[in-house]
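The structure appears below as structure tokens.
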Amino acid sequence: TSNTTDSSIAGEAPPPSGELEDDNVVYFIKKKLNVWCRQPKGKWELGTIQSTSGDETSVSLSNGNVMTVARSEILPANPDILEGVEDLIQLSYLNEPSVLHNLQFRYSQDLIYSKAGPVLIAVNPFKDVQIYGNDYVSAYRQKTIDNPHVYAMADAAYNEMMKDEVNQSIIISGESGSGKTETAKIAMQYLAALGGGSCGIENEVLQTNFILEAFGNAKTSRNDNSSRFGKLIEIHFSAMGKICGAKIQTCKNVQSRVVQLASGERSYHIFYQLCAGSSSDLKERLKLRAASEYNYLNQSDCMTINGVNDAKKFYRLMKALDVIKMSKEEREVVFKMLAAILWLGNISFEITDNENHVEVVNDEALTSTASLMGCGSEELMEALSTCKIQAGKDTITKPVTLVQAIDGRDALAKFIYASLFDWLVDQVNMSLEVGKRRTGRSISILDIYGFESFQKNSFEQFCINYANERLQQHFNRHLFKLEQEDYELDGVDWTKVEFEDNQECLDLFEKKPLGLISLLDEESNFPRASDLTLANKLKQHLHTNPCFKDERGRAFGVRHYAGEVVYETAGFLEKNRDPLPSDSIQLLSSCSCELLQSFSKMLNHSPKHSNSPFGGALDSQKQSVAMKFKGQLFKLMHQLESTTPHFIRCIKANAKQLPGMYDEDIVLQQLKCCGVLEVVRISRAGYPTRMTHLEFSGRYGFLLTEANTSQDPLSISVAVLQQFNIPPEMYQVGFTKLFLRTGQIGALEDRRKQF
Ligand code: ATP
Ligand code: MG
């Protein structure tokens with residue numbers, strides 16, 4: 001190998017592998033080079049090797065201690081000159097402690113962005129860092145600053161879109177609380193600023209964030225402002241390169257948060273904002289009380305968020321609704337629906353016989369809900385406490401049990417909220433569709449929940465992790481397969497680099513008829529199916545798939561790209577069917593509130609198809625939740641596939657949402673999940689700079705001192721390479737392109753600038 005690459009600043013240092021090889025130990029001792037030494041608790045400490053005998057190595061640590069450890073516990077550290085490099089590709093040694101240390105070193109200086117080859121890594125600072133705003137926008141636009149930044153990435157996407165007329169996408173992923181939504185907003189701000197600033201359509205696009213966050217985000221145990229939906233915003237540009245419109249697509253699964261909260265968590269922000277911020281007039285019209293008086297909100301011990309003023313947020317939301325020009329009447333309806341949901345949760349039932357059948361308690365909750373929904377109290381009572389069963393030609397009305405009544409009430413609340421959210425997204429989209437002179441140019445920004453693995457994982461995690469598996473494939477395909485194909489297509493020798501492909505895992509989810517989703521749907525169609533029959537069915541059909549793992553009882557495991565997850569089937573069938581009692585559907589269609597009527601029409605199954613109060617099985621016409629989710633996901637992926645992607649991986653430095661705290665285990669876990677280390681290896685192993693012969697000869701051909709008689713770009717290119725003594729191992733000549741190793745273009749660019 002040659003030592004002229006940028007990454008071999010260590011001079012005569014051994015090849016840049018992650019390991020400390022036998023013959024290097026002596027070298028490390030002689031030169032007193034730093035090594036990483038694994039401590040008993042797993043943390044890595046810096047030190048130097050003093051001596052070595054057999055497999056044992058004695059290391060003097062930087063804290064003064066001397067340790068004797070096995071060779072396998074020692075890894076080479078990078079020379080000081082590489083401390084805190086911008087791109088992990090530049091590191092001589094790419095082992096885990098080196099990468100962790102490099103990110104930590106930068107993080108401690110508030111350098112929260114780094115690159116891993118083409119990928120931008122953003123480590124959440126959990127505090128304000130002074131690197132945003134108009135001055136920085138101009139600096140990145142004019143390239144007076146060129147360190148890694150979301151602005152730089154947005155700028156690259158923008159330039160590529162304008163130059164190549166190819167649509168672009170910025171794909172942001174990471175765990176909950178890692179900073180995806182903030183990063184998406186920062187990218188949007190940059191693109192909006194290019195359009196001239198904070199008025200007109202650019203501003204409108206930015207304002208949508210306040211609306212979607214109020215209705216789609218909530219405080220969870222991991223993030224005070226956690227997005228409970230995935231979002232793709234496609235920003236349209238005019239031929240002049242100004243924002244001229246946008247379209248939002250969302251992707252969400254069950255909305256149980258409306259009716260059920262875990263301790264320390266809240267429901268969607270909007271409920272608290274409405275209770276805290278509405279005027280007394282509005283309160284009266286909505287029969288609204290304090291948030292603490294509603295069962296759907298007060299069941300958790302958490303009503304407020306530190307440092308957040310819900311009333312102010314409500315005010316901010318109203319301004320955003322002004323910007324998208326939502327009318328007073330429409331707002332009033334939205335608020336009525338929210339208040340109706342809150343009052344629904346306060347409706348209670350009384351057991352009337354020894355079979356647990358119930359009647360609705362006729363109280364303020366009932367009358368308020370009915371008046372807000374625009375129906376009679378009697379009708380609401382009947383819908384919530386009875387069910388109609390088709391017996392031949394007759395319809396029999398039967399009372400329901402307490403459990404059924406509560407489930408039915410909650411299902412109605414969830415349905416109204418979910419429909420309201422979709423309706424709101426439609427309103428926002430209509431308002432953003434003002435760009436009539438669309439050029440077809442766009443940049444899409446994807447902000448979608450990351451991989452989740454908890455102690456207990458249910459249907460929600462099942463959907464989220466499935467989506468992440470798809471995104472991971474997109475990432476892999478793009479970075480690895482395309483990379484490889486590019487070399488091979490151009491006839492260039494490419495030593496295949498191993499990489500993870502997750503097709504097998506996707507097959508496990510998607511195969512028909514024997515995949516997780518198909519089998520779940522099939523089982524959801526059996527009224528008598530249970531958690532156990534579902535678990536057994538999955539095991540029976542899928543145990544041969546290498547990504548499926550048999551677990552005891554009602555659980556099953558999936559080997560995801562990011563690790564193994566055990567799912568409990570409890571609640572899977574219910575959540576997948578997400579049934580709305582037929583009587584409720586009928587009720588909605590009879591309400592005087594037009595919005596509710598329109599919601600009921602969106603359900604394309606009519607009441608008569610369902611003969612059990614809760615649609616005990618999936619209705620033949622109703623799509624299951626998993627299917628719907630898959631459909632949304634496919635639409636999203638389809639749109640991304642026609643774009644040039646730019647990837648941002650968000651990382652949280654600790655699980656406590658605190659600034660200045662860097663937890664190595666947590667960071668490492670995330671780096672592994674998103675394949676950052678592999679990306680670095682591949683990018684460096686290969687020839688990252690690629691130019692067509694035409695581009696290359698056009699750019700550097702004039703530097704040739706001897707007139708080249710040939711006009712053909714390939715021979716001009718080769719002549720340039722020879723004149724500048726670029727060593728043959730530093731480049732490969734393909735059929736159409738020149739492939740250059742890292743750092744080779746620098747000298748040529750310098751010469752070019754001198755002219
Ligand atoms: P979820 O998946 O739960 O929606 P997320 O990845 O979208 O999580 P964010 O809501 O973007 O996470 O970030 C969580 C919090 O981290 C923010 O509310 C903010 O306090 C902080 N944060 C994230 N990015 C930045 C940043 N660039 N500068 C300052 N603070 C940040
Ligand atoms: Mg978010």
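We count ligands from 1, going down the list as the structure has it; atoms in each ligand are counted the same way. Sequential numbering from 1 along the given sequence is applied to the chain's residues.
- Note: an N/O pair closer than 3.5 Å links Tyr132 and ligand 1 by distance alone.
- Cys650 does not count as a contact of ligand 1, since none of its heavy atoms falls under 4.0 Å from the ligand.
- None of the N, O or S atoms belonging to Asn225 lies under 2.8 Å away from the Mg ion (ligand 2).
- Ring geometry, His560 versus Phe509: the interplanar angle falls from 30° to 60°, so the pair is classed tilted.
- The contact set between ligand 1 and Ile186, taken as ligand atoms under 4.0 Å from a residue heavy atom, comprises 27 (N).
- Relative ring orientation between Phe459 and Phe462 is described as parallel, the plane-to-plane angle staying below 30° on a 0-90° scale split at 30° and 60°.
- Note on ring orientation: taking the six-membered ring where Trp is involved, the planes of Phe237 and Tyr158 are perpendicular (angle over 60°, cut-offs 30° and 60°).
- Ligand-side atoms of ligand 1 in range of Glu175: 6 (O), range being under 4.0 angstrom from any heavy atom.
- In this structure, Lys127 has a heavy atom closer than 4.0 Å to ligand 1.
- Of the protein's heavy atoms, Asn124 ND2, 2.8 Å lies nearest to atom 16 (O) of ligand 1.
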Q: Show your working on salt bridge (charged side-chain N to carboxylate O under 4.0 Å, His left out) between Lys43 and Glu664 and close with a plain yes or no.
A: CA-CA 8 Å; Lys43 224 173 124 60; Glu664 289 187 357; 3.7 Å; yes
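- For atom 13 (O) of ligand 1, the closest non-hydrogen atom on the protein side is Gly179 CA, 3.5 Å.
- Looking only at heavy atoms of the protein, atom 2 (O) of ligand 1 is closest to Lys180 NZ, 2.7 Å.
- Looking at ligand 1, you'll find an N or O of Asn223 within less than 3.5 Å of one of its N or O atoms.
- Here the heavy atom of the protein found nearest to atom 4 (O) of ligand 1 is Ser227 N, 2.8 Å.
- Note: Tyr662 and Tyr107 have tilted aromatic rings, judged against thresholds of 30 and 60 degrees for the angle between ring planes.
- Considering backbone and side-chain atoms together, Tyr113 places no N or O closer than 3.5 Å to any N or O of ligand 1.
- Remark: Arg649 is positioned above the aromatic ring of Phe475, its terminal NZ or CZ atom under 6.0 angstrom from the ring centre and at most 45 degrees off the axis.
- Judged by the shortest distance from any of its heavy atoms, Val129 lies outside the 4.0 Å radius around the atoms of ligand 1.
- Partner of Phe314 under the ring-ring contact (aromatic ring centres under 6.0 Å, His included) criterion, out of Phe335, Phe210, Phe271: Phe335 alone.
- Scanning all protein heavy atoms for the shortest distance to atom 11 (O) of ligand 1 gives Glu182 N, 2.9 Å.
- Remark: ligand 1 and Ile112 share no N or O pair separated by less than 3.5 Å (distance only, no angle test).
- Within 4.0 Å of atom 8 (O) of ligand 1, at least one protein heavy atom is present.
- Close contacts between ligand 1 and Asn225 involve ligand atoms 10 (O) [criterion: under 4.0 Å to a heavy atom].
- In summary, the atoms of ligand 1 found under 4.0 Å from a heavy atom of Phe126, numbered by their order in the structure, are 16 (O).
- Heavy-atom distances between Gly174 and ligand 1 stay at or above 4.0 Å for every pair.
- Ion pairing of Asp110 with Lys127 is present here, as a side-chain N (NZ or NE/NH1/NH2) and a carboxylate O approach within less than 4.0 Å.
- Considering backbone and side-chain atoms alike, Ser226 places an N or O below 3.5 Å from some N or O of ligand 1.
- For the atom pair CZ of Arg577 and CG of Leu520, the computed distance is 9.5 Å after rounding to the nearest 0.5 Å.
- Scanning all protein heavy atoms for the shortest distance to atom 28 (N) of ligand 1 gives Pro125 CG, 3.4 Å.
- Because the distance cut-off is set at 2.8 Å, Thr181 qualifies as a neighbour of the Mg ion (ligand 2) through one of its N, O or S atoms.
- Under the 30°/60° scheme for interplanar angles, the aromatic rings of His149 and Tyr113 are found to be tilted.
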Q. Should Glu265 and Arg257 be marked as a salt bridge (charged side-chain N to carboxylate O under 4.0 Å, His left out) after you check the CA-CA gap, both sets of side-chain angles, and the distance that decides it?
A. CA-CA 9 Å; Glu265 304 207 338; Arg257 179 168 301 272; 3.1 Å; yes
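- Atom CG of Asn306 has 12 or fewer heavy atoms from other residues, nucleotides or ligands within 6.0 Å.
- Proximity of the aromatic rings of Phe556 and Tyr567 is defined here by a centroid distance below 6.0 angstrom, and this criterion is met.
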